[in-house]
Amino acid sequence: MKKVVFLLGIVLLMAGVAKAQTSEVQNGPEISFEKTVHDYGNVPYNGNGECEFRFTNTGNEPLLVQKPKSSCGCTIPSWPKEPILPGESEVIKVTYKTNRPGIINKTVTVTSNATKNSTVVLRIKGTVMDQPSEAMPEKQNGFGAGSPVNNN
């Protein structure tokens with residue numbers, strides 16, 4: 001009987017330790033984005049290629065964002081350089097140069113000191129429309145509407 005009580009005590013003790021470990025509060029900063037994909041849709045040639053990715057520090061320590069890396073030189077990120085305190089929100093601004101027609105499918109990799117998800121990939125997509133063609137001016141030959149006509 002003593003062995004059964006002893007084993008039962010060990011099992012209950014182990015269960016209590018396991019529960020305490022799972023309910024422990026995770027310390028450190030956490031980064032949570034509202035969205036990780038921005039769809040421009042159809043953008044005019046040389047149109048506005050700016051967008052923002054809002055995030056919040058959902059942790060309990062200051063969050064530091066390191067320099068984001070873009071997948072090409074046509075995608076330029078800007079980010080907060082100061083620590084983001086717990087509960088505060090900030091934005092990472094991304095500017096895509098819309099001077100080349102075609103499909104947009106680029107990424108910006110954000111690295112931070114977050115304890116989970118310290119690296120987050122943001123994606124922009126859409127299509128830059130073709131450059132509008134310039135209309136050639138029409139030659140005025142004097143016989144168009146509103147032109148004086150000499151009927152001698």
Side-chain angles (χ1 to χ4, degrees), residues 11-150:
V11 168
L12 289 174
L13 180 64
M14 290 175 57
V17 169
K19 180 168 176 62
Q21 287 179 348
T22 59
S23 64
E24 232 178 75
V25 174
Q26 182 73 28
N27 286 325
E30 290 300 329
I31 191 166
S32 299
F33 281 89
E34 288 181 2
K35 65 178 183 177
T36 57
V37 177
H38 177 79
D39 188 353
Y40 288 101
N42 291 329
V43 180
Y45 184 87
N46 279 334
N48 183 357
E50 296 178 358
C51 69
E52 293 183 346
F53 292 91
R54 179 164 292 283
F55 66 92
T56 302
N57 179 359
T58 56
N60 57 10
E61 292 180 15
L63 175 72
L64 298 171
V65 176
Q66 297 172 3
K67 181 180 180 179
K69 293 179 176 67
S70 62
S71 58
C72 74
C74 58
T75 306
I76 304 162
S78 62
W79 67 100
K81 290 13 173 228
E82 299 298 319
I84 295 93
L85 298 177
E88 289 187 355
S89 295
E90 267 293 347
V91 294
I92 292 180
K93 296 178 185 176
V94 176
T95 302
Y96 179 76
K97 295 180 184 176
T98 58
N99 60 352
R100 284 184 277 177
I103 295 174
I104 304 168
N105 189 13
K106 304 296 179 188
T107 60
V108 174
T109 303
V110 178
T111 305
S112 70
N113 66 333
T115 53
K116 290 187 247 172
N117 299 325
S118 62
T119 301
V120 178
V121 177
L122 307 175
R123 190 165 75 93
I124 60 172
K125 63 181 186 173
T127 303
V128 176
M129 305 307 290
D130 287 332
Q131 184 175 8
S133 60
E134 293 183 30
M136 296 299 292
E138 293 185 25
K139 182 178 178 183
Q140 296 292 330
N141 58 13
F143 296 109
S147 302
V149 177
N150 189 357

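Residues take their numbers from the sequence shown, with the count starting at 1.
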**Q** Please examine the side chains of Lys125 and Val37, heavy atoms only from C-beta on, and report whether any two atoms are closer than 4.5 Å.
**A**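 Sidechains of Lys125 and Val37: in contact.
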**Q** Return yes if some donor-acceptor pair links the side-chain N/O of Ser71 with the main-chain N/O of Thr107 below 3.5 Å, else return no.
**A**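 Side chain of Ser71 to backbone of Thr107, a donor-acceptor pair under 3.5 Å: yes, one is there.
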**Q** Identify the heavy atoms of Asp39 and Gly126 that sit nearest to each other, and give their distance.
**A**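 Closest approach of Asp39 to Gly126, heavy atoms only: OD1-CA, 3.9 Å.
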**Q** Just wondering, do Val110 and Ile92 contact through their side chains at under 4.5 Å, heavy atoms?
**A**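 Yes - at least one pair of side-chain heavy atoms lies under 4.5 Å apart.
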**Q** Start with the C-alpha gap between Val108 and Lys69, add the side-chain angles, then the distance that decides, and say whether side chain to side chain contact (heavy atoms under 4.5 Å, CB included) holds.
**A** CA-CA 5 Å; Val108 174; Lys69 293 179 176 67; over 6 Å; no
**Q** Taking atom types as modelled, find out whether Ser32 and Thr56 have a side-chain donor-acceptor pair closer than 3.5 angstrom.
**A**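 The answer is no; no qualifying pair exists.
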**Q** Donor-acceptor pair, Lys81 side chain versus Trp79 backbone, under 3.5 Å?
**A**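 Checked: pair present.
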**Q** Give the ring-plane orientation class for Phe33 versus Phe53, where under 30° counts as parallel, over 60° as perpendicular and anything between as tilted.
**A**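 Correct class here is perpendicular.
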**Q** With a 4.5 Å limit on heavy-atom distance, are the side chains of Glu34 and Phe55 in contact?
**A**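 A side-chain contact under 4.5 Å is absent here.
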**Q** Using a 4.5 Å cut-off on heavy atoms from C-beta on, say whether the side chain of Lys35 contacts that of His38.
**A**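 A side-chain contact exists here, since the closest heavy-atom pair is under 4.5 Å.
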**Q** Give me the atom names and distance for the closest heavy-atom approach of Thr98 to Val128.
**A**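 What the structure gives for the nearest pair is O-CG1, 3.6 Å.
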**Q** Hey, could you give me the CZ/OG1 distance between Arg123 and Thr36, rounded to the nearest 0.5 Å?
**A**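 OG1 of Thr36 is found 8.5 Å from CZ of Arg123.
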**Q** Under 3.5 Å, side chain of Thr111 to main-chain N/O of Gln66, donor-acceptor pair present?
**A**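 Here the side-chain-to-backbone pair does not exist.
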**Q** Any side-chain heavy atom of Ile124 within less than 4.5 Å of one from Thr75?
**A**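 Of all side-chain heavy-atom pairs linking Thr75 with Ile124, at least one is under 4.5 Å.
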**Q** Any donor and acceptor pair, going by atom type alone, linking the side chain of Asn57 with main-chain N or O of Glu30 inside 3.5 Å?
**A**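 Between the backbone of Glu30 and the side chain of Asn57 there is a qualifying donor-acceptor contact (under 3.5 Å).
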**Q** Which atom pair, heavy atoms only, marks the closest approach of Gly28 to Asn60?
**A**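 Result for this residue pair: N-OD1, 2.8 Å.
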**Q** Has Ser70 got a side-chain atom pairing as donor or acceptor with Cys72's backbone, closer than 3.5 angstrom?
**A**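 A pair under 3.5 Å: yes.
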**Q** Hey, what's the ring geometry for Tyr40 with Tyr96, parallel, tilted or perpendicular (30° and 60° as the breaks)?
**A**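 Judged by the thresholds at 30° and 60°, the geometry between Tyr40 and Tyr96 is tilted.
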**Q** Taking all atoms of both residues into account, what is the closest heavy-atom pair of Arg54 and Ser89, and its distance?
**A**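 Reported closest heavy-atom pair: NH1-CB, 3.7 Å.
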**Q** Could you check if a side-chain atom of Ser118 sits within less than 4.5 angstrom of a side-chain atom of Asn113, using non-hydrogen atoms only?
**A**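 With C-beta onward as the side chain, the pair stays apart.
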**Q** Check step by step if side chain to side chain contact (heavy atoms under 4.5 Å, CB included) holds for Thr119 and Thr109.
**A** CA-CA 7 Å; Thr119 301; Thr109 303; 3.5 Å; yes
**Q** I want to check something: taking the side chain as every heavy atom from C-beta on, are Met129 and Pro44 in contact at a cut-off of under 4.5 Å?
**A**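 No - every pair of side-chain heavy atoms lies 4.5 Å or more apart.
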**Q** Quick one: does Lys97's side chain get under 4.5 Å of Ile76's, heavy atoms only?
**A**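 Contact flag for Lys97/Ile76 side chains = yes.
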**Q** For the atom pair CD1 (Ile31) and CD (Glu90), what is the distance rounded to the nearest 0.5 Å?
**A**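 The CD1 atom of Ile31 sits 10.5 Å away from the CD atom of Glu90.
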**Q** So does Arg100 have more than 12 non-hydrogen atoms from other groups sitting under 6.0 Å from CZ?
**A**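 Atom CZ in Arg100 is not crowded, with 12 or fewer foreign heavy atoms closer than 6.0 Å.
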**Q** Indicate the atoms forming the closest heavy-atom contact of Pro77 with Pro68, along with that distance.
**A**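 Taking every non-hydrogen atom into account, CG-O, 3.9 Å.
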